[in-house]
Amino acid sequence: EEAATDPDPGASVALMTPDELRLYEGLFLLLCRLRAASADSIWRLFLLRTLGVTSRSAAMRHIERLLETSYLQHKRLSAWRSVYHLTHRALVTFPSVRARGTSAMRKPQSTSQSHYFWLRASFHAELVEDGFTVGRGPRELAALRRFYVDAQMKQIALLGPGIDRADARA
């Protein structure tokens with residue numbers, strides 16, 4: 001298992017131009033929410049949708065570039081499963097990311113946490129790919145409320161007239 005620490009600050013690190021780096025602010029914000037994600041999830045949730053990267057090999061080149069420049073770190077979970085997470089360097093790059101980066105994100109992830117993050121990011125990618133809105137913003141809360149209200153209205157309609165609303169909640 002690879003160590004989950006940031007690279008040696010004295011080591012030479014490849015650089016990105018500010019314009020090139022700005023392309024990835026959305027990815028950094030996404031990884032603040034997910035904490036870690038597989039390459040496939042990063043591709044489906046960000047690179048494909050935001051940057052228009054249509055091939056997985058091109059997506060891996062973007063991820064490798066972020067690894068080379070020490071904005072992402074790789075953690076292998078098994079022979080076929082791994083996750084990528086933000087480094088300290090990525091967490092301090094943009095004010096929006098800095099505001100969302102928690103102290104827990106600066107600590108090494110346990111293997112069980114990394115498996116959980118891999119699974120959550122995979123579910124997130126599947127739901128988004130199927131057309132669902134996933135998140136905690138106002139649009140997502142409104143969609144969730146609408147889902148529950150619609151479900152309750154259907155339940156009331158099935159019960160028919162003269163049924164007390166309290167009975168519909170059961």
Side-chain angles (χ1 to χ4, degrees), residues 1-2 4-7 14 16-148:
E1 183 175 309
E2 295 179 21
T5 58
D6 285 335
M16 273 189 190
T17 66
D19 290 335
E20 189 180 9
L21 189 56
R22 258 187 235 99
L23 293 173
Y24 298 107
E25 182 176 7
L27 174 62
F28 294 178
L29 290 169
L30 175 69
L31 286 173
C32 278
R33 190 168 69 232
L34 296 175
R35 296 272 311 272
S38 67
D40 185 63
S41 295
I42 290 171
W43 174 61
R44 293 189 302 167
L45 290 169
F46 180 77
L47 297 172
L48 178 64
R49 295 177 164 280
T50 306
L51 300 183
V53 176
T54 56
S55 74
R56 290 174 195 251
S57 60
M60 283 310 298
R61 285 193 295 276
H62 281 270
I63 292 170
E64 287 167 8
R65 178 81 172 119
L66 290 166
L67 288 168
E68 287 170 6
T69 54
S70 298
Y71 290 104
L72 286 185
Q73 188 158 22
H74 176 252
K75 182 172 183 174
R76 182 172 300 283
L77 302 175
S78 66
W80 60 88
R81 186 176 293 169
S82 60
V83 292
Y84 297 87
H85 60 92
L86 298 174
T87 62
H88 177 73
R89 183 177 189 189
L91 289 168
V92 298
T93 301
F94 298 104
S96 58
V97 175
R98 195 174 314 123
R100 287 169 181 81
T102 64
S103 60
M105 294 180 73
R106 291 171 170 75
K107 297 176 184 171
Q109 299 170 356
S110 70
T111 302
S112 62
Q113 281 179 316
S114 296
H115 279 284
Y116 170 75
F117 298 144
W118 178 91
L119 183 63
R120 183 172 65 176
S122 297
F123 278 143
H124 191 112
E126 288 291 327
L127 288 168
V128 167
E129 205 167 68
D130 288 342
F132 290 93
T133 302
V134 182
R136 292 184 269 185
R139 284 185 17 217
E140 292 83 359
L141 287 173
L144 188 61
R145 280 191 207 107
R146 184 80 260 148
F147 171 79
Y148 283 121

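Across all their heavy atoms, S122 and R44 have their closest contact at O-NH2, 3.9 Å. The two residues S38 and Y84 make their nearest non-hydrogen contact at C-CD1, 4.2 Å. Shown here for G101 and L91, the closest heavy-atom pair between the two residues is CA-CD2, 4.1 Å. Across every non-hydrogen atom of R106 and V92, the tightest pair is NH2-CG1, 4.5 Å. Closest heavy-atom contact between V97 and A90: CG1-O, 3.6 Å.
Proximity of L27 to L51: side-chain heavy atoms (C-beta onward) are nowhere separated by under 4.5 Å. Using a 4.5 Å heavy-atom threshold, the side chains of F28 and L21 count as touching. No side-chain heavy atom of S41 sits under 4.5 Å from any side-chain heavy atom of H124. No side-chain heavy atom of M105 sits less than 4.5 Å from a side-chain heavy atom of H85.
At distances below 3.5 Å, not a single donor-acceptor pair connects side-chain atoms of R89 with backbone N or O atoms of Y71. Side-chain atoms of R35 do not come within 3.5 Å of backbone N or O of L31 as any donor-acceptor pair. Although no hydrogens or angles enter the test, the distance criterion places a donor-acceptor pair under 3.5 Å between the side chain of K75 and the main chain of Q109. Using modelled atom types, one side-chain atom of W43 and one backbone atom of V53 make a donor-acceptor pair closer than 3.5 Å. Although no hydrogens or angles enter the test, the distance criterion places a donor-acceptor pair under 3.5 Å between the side chain of T87 and the main chain of S70.
For the side-chain hydrogen bond (donor to acceptor under 3.5 Å, both in side chains) test, no residue two or more places apart in sequence or in another chain qualifies with R81. Residues satisfying the ring pair (Phe, Tyr, Trp, His ring centres under 6.0 Å) test with H62, not counting sequence neighbours, are Y24. For R56, the side-chain hydrogen bond (donor to acceptor under 3.5 Å, both in side chains) test picks out D40, with sequence neighbours left out. Not counting sequence neighbours, the partners of S57 by the side-chain hydrogen bond (donor to acceptor under 3.5 Å, both in side chains) test are S55. When the salt bridge (Lys or Arg N to Asp or Glu O under 4.0 Å) test is applied to R49, no partner is found at least two apart in sequence or on another chain. Checked against side-chain hydrogen bond (donor to acceptor under 3.5 Å, both in side chains), D130 has no partners two or more places apart in sequence or in another chain.
Summarising the geometry, atom OG1 belonging to T93 is positioned 9.5 Å from atom CD belonging to E25; distances are rounded to the nearest 0.5 Å. Expressed to the nearest 0.5 Å, how far CD of E64 lies from OG1 of T69 amounts to 11.5 Å. Going from atom CG of L29 over to atom CZ of R100 covers 5.5 Å, rounded to the nearest 0.5 Å. The CG atom of L30 sits 9.0 Å away from atom CG of L86, with the distance rounded to the nearest 0.5 Å. Between the CG atom in L77 and the CH2 atom in W118 there is a gap of 9.0 Å [rounded to 0.5 Å]. Between M16 atom CE and R22 atom CZ the span is 13.0 Å, to the nearest 0.5 Å.
With a 6.0 Å radius and a threshold of 12 heavy atoms from other residues, nucleotides or ligands, Y116 has its OH atom at or below the threshold.
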